[in-house]
Number of protein chains: 2
Amino acid sequence: MPIGKYPAEVHGDSPLQDVLTWRIHIVHAKLNAHAAKFLEGVSGIPLVHWRVMLTIGENGSTTHSAIHRKILMDKGQLSRCLKAMIEDGLVTTHDDEADQRQQRLSLTKKGLRIFRKTLPEMRSRQNFLIGELSKIERKSIFSALDKLERAAGNFGFAA
Amino acid sequence: MPIGKYPAEVHGDSPLQDVLTWRIHIVHAKLNAHAAKFLEGVSGIPLVHWRVMLTIGENGSTTHSAIHRKILMDKGQLSRCLKAMIEDGLVTTHDDEADQRQQRLSLTKKGLRIFRKTLPEMRSRQNFLIGELSKIERKSIFSALDKLERAAGNFGFAA
DNA sequence: ACTTTATTGTTGACAAGTCAACTATTATCC
DNA sequence: GGATAATAGTTGACTTGTCAACAATAAAGT
């Protein structure tokens with residue numbers, strides 16, 4: 001027996017379709033797919049690799065865990081990602097004299113070349129996306145994301 | 001040989017850290033983990049199941065593909081999700097006379113009970129999250145997400 | 001000094017998300 | 001009415017994301 005429409009007071013009056021978390025879930029999936037495809041065309045590297053390369057390139061040189069803290073990527077994922085990037089000849093490591101546990105990471109010549117080629121492309125994509133927004137939306141979305149992130153607290157992301 | 005800091009004109013002046021797609025990636029992950037844990041406490045069902053239950057409950061009864069279109073969940077994922085929900089006794093199907101391909105879905109008594117218990121909890125969570133935002137942010141974030149979704153185009157989500 | 005605690009990074013196991021091929025049914029269009 | 005295309009839903013293979021246990025080194029506390 002099918003159960004009919006539920007009384008109004010049960011599902012209230014607010015539009016359920018814009019459940020915030022789900023909206024973000026969907027938009028995230030689309031932006032991600034878009035970025036990945038775009039990047040594939042530009043440099044042929046995976047999105048996650050780019051995100052890491054960006055962090056290294058930005059600083060010139062960093063450590064594994066500095067990246068982890070900065071972009072909040074899962075440690076395990078990051079470890080495997082860097083391993084692949086080293087195999088691909090994009091990143092090199094050299095020992096940190098002061099701390100035997102960590103290694104300093106930097107881009108190879110090849111990595112740097114790709115970084116330089118990709119950065120402006122990715123930036124113009126970003127500008128395109130942001131350009132679609134009004135000035136107010138542009139300002140609001142970043143602050144709103146910050147607040148939501150804080151409100152969600154520290155779930156996920158095993159330290 | 002480590003490669004030093006790159007010249008300013010290479011990485012420009014805009015703060016790279018708020019690369020939009022990545023910000024959304026992170027916020028999404030946190031909101032998701034938060035929602036999942038919250039829901040686990042309330043009803044013990046997975047987030048995706050809830051999202052589907054919400055859609056069925058909202059309409060009283062729907063079809064597989066109507067859900068797919070409405071919430072943009074992957075067909076395959078949805079298929080397996082519904083299968084599990086039927087096994088759990090939350091959803092029942094009955095044949096659609098008009099179209100042999102599809103089946104109408106509705107909540108069972110048990111499903112409805114959980115739906116009724118969970119909805120207000122999830123709504124108050126949503127209100128809490130939204131309550132953190134200013135009026136402007138609240139308005140902007142939804143419209144901004146819409147625009148970004150459109151700008152990202154129809155990548156991903158195999159029809 | 002030496003035990004305890006924290007940090008760094010690796011690994012394995014698992015869960016969730018994505019894509020594409022495939023069957024069965026219905027709609028469309030000469 | 002019969003070929004062609006579209007839609008509904010299932011399934012398998014694969015990718016990505018997440019968590020937790022672990023070894024190695026460093027820092028802190030007594």
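Each chain gets a letter, A, B and so on, in the order its sequence line appears, and its residues count up from 1.
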Asks: Rounded to whole Å, please give me the gap between NE2 in His68(B) and C1' in dA8(D).
Replies: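 Nearest whole value for this atom pair: 10 Å.
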Asks: So do the side chains of Leu20(B) and Phe142(A) get within less than 4.5 Å of each other, counting heavy atoms only?
Replies: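 Yes, their side chains come closer than 4.5 Å.
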Asks: Between dG9(C), dT11(D), dA8(D), which nucleotide has the shortest distance from any of its atoms to the side chain of Gln102(B)?
Replies: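 That would be dA8(D).
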Asks: Could you check how far CD of Glu87(B) sits from P of dT10(D), rounded to whole Å?
Replies: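 Those two atoms, CD and P, are 12 Å apart.
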Asks: With distance as the sole criterion, is a donor-acceptor pair present between the side chains of Thr21(A) and Arg125(B) under 3.5 Å?
Replies: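 Thr21(A) vs Arg125(B): donor-acceptor pair found between side chains.
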Asks: Salt bridge check, Glu58(A) against Lys70(A): does any charged N sit closer than 4.0 Å to a carboxylate O?
Replies: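 A salt bridge is present here (some side-chain N lies under 4.0 Å from a carboxylate O).
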Asks: Figure out the CG/C1' separation between Leu82(A) and dT8(C), and round it to whole Å.
Replies: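 So the two atoms are 13 Å apart, to the nearest Å.
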Asks: Would you please confirm or rule out a distance under 4.0 Å between OP1 or OP2 of dG9(C) and any side-chain N or O of Ser65(A)?
Replies: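 It does, given that an N or O in the side chain of Ser65(A) lies less than 4.0 Å from OP1 or OP2 of dG9(C).
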Asks: Find the distance Lys75(A):NZ to dA6(C):C1' and express it as a whole number of Å.
Replies: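 Roughly 11 Å, once rounded to whole Å.
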Asks: What integer distance in Å separates Leu31(A):CG from dT18(C):P?
Replies: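 So the two atoms are 13 Å apart, to the nearest Å.
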Asks: Nearest whole Å is fine: how far is dG9(D) P from Asp74(B) CG?
Replies: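 Taking CG of Asp74(B) and P of dG9(D), I get 14 Å after rounding.
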Asks: Do Met73(A) and Ile67(A) have side chains that get closer than 4.5 Å, going by heavy atoms?
Replies: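 When only atoms from C-beta onward are counted, Ile67(A) and Met73(A) do not touch, as no gap falls below 4.5 Å.
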Asks: Ignoring hydrogens and angles, tell me if any N or O in the side chain of Asp96(B) forms a donor-acceptor pair with the backbone of Ala98(B) under 3.5 Å.
Replies: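 Confirmed, Asp96(B) side chain pairs with Ala98(B) backbone.
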Asks: Would you call Glu132(B) and Arg150(A) a salt bridge, using N to O less than 4.0 angstrom?
Replies: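 No salt bridge links Glu132(B) with Arg150(A).
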Asks: Looking only at the side chains, is there a donor atom on one of Ser43(A) and Thr118(A) sitting less than 3.5 Å from an acceptor on the other?
Replies: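 Present: a donor and an acceptor within the cut-off.
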Asks: Counting only side-chain nitrogens and oxygens, does His64(A) get under 4.0 Å of the OP1 or OP2 atom of dT7(C)?
Replies: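 For dT7(C), OP1/OP2 do not have a side-chain N/O of His64(A) under 4.0 Å.
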Asks: Is a donor from one side chain sitting under 3.5 angstrom from an acceptor on the other, for Ser143(B) and Glu137(A)?
Replies: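 There is such a pair between these side chains.
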Asks: Check nucleotides 27-29 of chain D against the protein and report each pair of N or O atoms closer than 3.5 Å, with its distance, or say if there are none.
Replies:
none

Asks: Roughly how many Å is it from CD in Gln77(A) to C1' in dA20(D), rounded to a whole number?
Replies: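 It is 16 Å, rounded to the nearest whole Å.
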Asks: Would you mind checking if Arg104(B) and Asp95(B) are paired as a salt bridge, meaning a charged N to carboxylate O distance below 4.0 Å?
Replies: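 Salt bridge: no.
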Asks: Counting just side-chain N and O atoms, does Arg69(A) come under 4.0 Å of either OP1 or OP2 of dT8(C)?
Replies: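 Answer yes for this pair, as a side-chain N or O of Arg69(A) is under 4.0 Å from OP1 or OP2.
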Asks: Send over the distance from Leu72(A) CG to dG17(D) P, rounded to a whole Å.
Replies: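 To the nearest whole Å, that distance equals 14 Å.
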Asks: Between dA8(D), dT18(D), dG12(D), which nucleotide has the shortest distance from any of its atoms to the side chain of Arg80(B)?
Replies: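 Comparing dA8(D), dT18(D), dG12(D) against the side chain of Arg80(B), the answer is dG12(D).
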Asks: Mind grabbing the angle between the end helix axes of the helix from dA1(C)-dT30(D) to dC30(C)-dG1(D)? Five pairs an end, 10° rounding.
Replies: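 Between the axes fitted at each end of the helix from dA1(C)-dT30(D) to dC30(C)-dG1(D) lies an angle of 30°.
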